[in-house]
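Start at 1 and go down the list; that is how both ligands and their atoms are numbered.
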Amino acid sequence: MDRAEAKQWIEKTCGRGWLYLVDEIFDKVPPGIVIEEVFQKWGHLHVTYSPYDEAFESFLFDIEHLSAGLCEICGKPGEEKMHDGWSIARCPRHALLPLNRF
Ligand SMILES: [Zn+2]
């Protein structure tokens, strides 16, 4: 998955709030590492890649935690909420907006 595809996917399934995090990830991909997928899971931004890299793993861990505290729609501070059985990251203003899943 390249940067454009990842951003398109996150914008479609979540919103625009995390797009700069996607940029951040692609800016820091170490040479030789391939991003397989970027997606939302349990209110966090998740990335799968190969091969395994310890420093990149810990960078992604930080991004993941950062994403959980940022509204996936607008990028403002938010928190994890349950919505129809899904865990999502939303600010108070967007907390009750319907899910945008597929
Ligand atoms: Zn919001």
Subject >> For Ser50 against Glu36, the heavy-atom pair lying closest together >> reply: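 Ser50 and Glu36 have their closest heavy atoms at OG-OE2, 3.1 Å.
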Subject >> Ile88 and its side chain to side chain contact (heavy atoms under 4.5 Å, CB included) partner, picked from His94, Met82, Gln40, Glu80 >> reply: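 For Ile88, the side chain to side chain contact (heavy atoms under 4.5 Å, CB included) test succeeds with only one of His94, Met82, Gln40, Glu80, which is Gln40.
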Show me the side-chain donor-acceptor pairs of residues 56-67 shorter than 3.5 Å, one per line, residues at least two apart or across chains.
from  : atom 1 : to    : atom 2 : distance (Å)
Glu57 : OE1    : Tyr49 : OH     : 2.5
Ser67 : OG     : Leu45 : N      : 2.9
Ser67 : OG     : Glu64 : O      : 2.6

**OP:** Could I get the full list of salt bridge (Lys or Arg N to Asp or Glu O under 4.0 Å) partners for Lys76, not counting sequence neighbours?
**Re:** none
Original post:
According to the side chain to side chain donor-acceptor pair (under 3.5 Å) rule, which pairs have a member within residues 18-34, sequence neighbours left out?
Top reply: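 The answer is Arg3-Asp23, Arg3-Asp27, Lys7-Asp23, Glu24-Lys28.
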Original post:
Is Glu79 paired with Arg90 through a side-chain N to carboxylate O contact shorter than 4.0 Å?
Top reply: no
**OP:** Could you please give the number of protein N/O/S atoms within less than 2.8 Å of the Zn ion (ligand 1)?
**Re:**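 If we list every protein N, O or S atom nearer than 2.8 Å to the Zn ion (ligand 1), we get 4.
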